[in-house]
Amino acid sequence: MADKRPDDMQRIETPALAKAFIEEQIAALKAQIGDKKVLLALSGGVDSSVVAALLVKAVGKQLVCVHVNHGLLRKGEPEQVIRVFRDGLGAELVYVDATDRFLDKLAGVSDPEKKRKIIGKEFIDVFAEEAAKLDGVKFLAQGTIYPDILESGPVKSHHNVGGLPPEMDFELVEPIKFLFKDEVRVVGRELGLPANMVDRQPFPGPGLGVRCPGAITRERLEAVRESDAILREEFDAAGLAGKVWQYFTVVPDFKSTGVKDGLRSFDWPVVIRAVNTRDAMSATIEEIPYPVLRKIVSRITSEVPGVNRVLYDLTPKPTGTIEYE
Ligand code: XMP
């Protein structure tokens with residue numbers, strides 16, 4: 001079966017095995033793609049980044065990467081994608097800032113599933129529009145990995161650009177489809193991708209949209225983005241970044257009274273969530289040391305506009321899911 005990992009395939013655990021895999025894939029990609037063009041939706045996640053780096057090495061400028069910024073990315077993400085792939089690897093990269101388009105469509109929508117559907121549909125529409133502007137594209141590359149094939153569950157469905165219009169009948173290129181996540185990371189490291197890209201914590205397709213519960217507003221979304229950046233900086237500084245499975249902030253849609261600079265304030269709280277898990281089906285709480293928490297609280301309340309409180313979510317899964325929507 002074409003979608004079964006070969007029984008004799010060695011686990012890629014060392015740089016030497018990653019190097020051999022990379023060489024093998026480059027040869028295979030060259031043979032498959034020839035002199036045609038190949039398109040890739042590059043999110044900046046580990047999987048699409050590794051596929052992009054492999055393809056740049058194999059076919060250079062015949063690869064066209066499209067990075068869609070749906071306005072729900074973390075602070076610094078689009079800039080890093082441009083820096084690593086366009087400036088660093090010399091990849092052909094189309095950057096689409098579709099923030100206004102997504103946020104306009106999402107305005108006033110509070111139902112979590114409706115929000116997800118809008119984000120998923122809009123993503124495909126933007127990507128298809130960009131693809132239609134390009135001539136002679138024969139292939140579509142995807143960062144499918146082996147668990148996606150084994151589970152083909154809903155978690156990843158929206159990342160992969162399934163659901164393109166039928167007239168865009170590209171042939172698929174899936175160079176890492178037999179790899180497990182840890183193997184993708186070993187390959188990414190060997191390809192020279194930055195550590196914070198290769199070791200990145202999971203990030204949902206709908207991005208910060210699910211961390212801005214209810215109807216998204218630009219102000220509250222910025223509070224999520226800024227507080228998330230502070231949390232990540234402080235986790236890095238405390239040496240927790242590589243240790244904790246997933247950590248992020250949420251800004252719920254309610255305000256409470258506070259006092260700032262001697263004046264009464266009426267602002268949002270920021271919720272901190274930090275969890276550990278094996279498979280995301282259940283999760284335990286990371287016990288963040290109090291000194292680290294105090295620093296995070298102090299920075300968030302002083303640096304993030306519109307926020308006057310920080311709450312620490314101590315709920316494991318179950319009963320809470322990892323995300324808030
Ligand atoms: P929950 O909230 O269900 O999350 O406990 C489990 C894991 O899945 C991620 N997640 C998503 N990933 N699209 C994604 O690509 C989604 O819509 C989505 N929802 C949740 C979540 O971040 C966690 O790692």
Side-chain angles (χ1 to χ4, degrees), residues 40-51 67-74 77 81 102 105-106 109-124 126-127 142-163 176-177 180-182 184-185 197 199-214 216 221 224-225 227-228 231-232 235 240-252 271-286 313-325:
L40 169 73
L42 175 59
S43 68
V46 192
D47 306 334
S48 65
S49 295
V50 165
V51 169
H67 179 55
V68 178
N69 179 356
H70 52 22
L72 306 166
L73 298 174
R74 289 172 293 185
E77 273 186 322
V81 168
F102 277 83
K105 281 262 156 58
L106 287 163
V109 181
S110 56
D111 179 76
E113 284 317 302
K114 280 198 187 123
K115 285 168 69 178
R116 271 199 171 71
K117 283 214 175 76
I118 290 171
I119 296 166
K121 179 187 177 299
E122 214 52 30
F123 184 89
I124 288 167
V126 171
F127 185 74
Q142 289 198 336
T144 315
I145 65 172
Y146 205 42
D148 299 334
I149 295 176
L150 293 177
E151 295 155 18
S152 48
V155 165
K156 202 87 182 275
S157 60
H158 138 175
H159 267 324
N160 302 337
V161 201
I176 57 170
K177 72 173 177 182
F180 288 97
K181 199 78 178 192
D182 57 318
V184 180
R185 295 193 208 275
M197 202 170 235
D199 296 320
R200 223 170 83 136
Q201 52 167 325
F203 187 62
L208 301 180
V210 293
R211 298 174 184 172
C212 195
I216 298 170
L221 182 59
V224 179
R225 197 176 345 255
S227 56
D228 170 79
L231 184 77
R232 285 190 289 135
F235 265 48
L240 291 169
K243 197 180 141 253
V244 182
W245 199 78
Q246 200 170 10
Y247 47 98
F248 53 86
T249 61
V250 176
V251 180
V271 178
I272 295 174
R273 188 131 174 86
V275 299
N276 290 304
T277 176
R278 255 174 197 287
D279 55 8
M281 300 300 286
S282 63
T284 56
I285 291 307
E286 172 69 18
D313 184 348
L314 297 176
T315 320
K317 174 181 181 177
T319 54
T321 48
I322 295 175
E323 304 287 351
Y324 270 43
E325 287 193 330

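Note that the structure is a prediction, hence the values are computed from the model and not measured. Residues: numbered from 1 along the sequence shown. Whatever order the structure lists ligands and atoms in, that order sets their numbers, starting from 1.
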Validation row: R225, L72 side chains within 4.5 angstrom (heavy atoms): no

Min side-chain heavy-atom separation L240-Y247 under 4.5 Å: no

Mutual orientation of the aromatic rings belonging to Y146 and F180 [parallel < 30°, tilted 30-60°, perpendicular > 60°]: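 Judged by the thresholds at 30° and 60°, the geometry between Y146 and F180 is perpendicular.
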
Polar contact flag for [X] and ligand 1 (N/O pairs, less than 3.5 Å):
X: E325; result: no
X: F203; result: no
X: I322; result: yes

Basic-acidic side-chain contact under 4.0 Å: R116, E325: no

Partner residues of R74 under the side chain to side chain donor-acceptor pair (under 3.5 Å) criterion, sequence neighbours left out: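 Expected list: E77.
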
Heavy atoms from other residues, nucleotides or ligands near NZ of K105 exceed 12 (cutoff 6.0 Å): no

Which atoms of ligand 1 are found less than 4.0 Å from any heavy atom of [X]?
X: K317; result: 1 (P), 3 (O), 5 (O)
X: W245; result: 24 (O)
X: R116; result: 16 (C), 17 (O), 18 (C), 19 (N), 20 (C)
X: T321; result: 1 (P), 2 (O), 5 (O)

Region of P206 that comes within reach of ligand 1 [heavy atoms, distance under 4.0 Å]: side chain

Sub-4.0 Å heavy-atom approach of Y324 to ligand 1: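 Under 4.0 Å: no for Y324.
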
D47: which of R185, K177, K181 passes side-chain hydrogen bond (donor to acceptor under 3.5 Å, both in side chains):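 Single pass found, and it is K181.
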
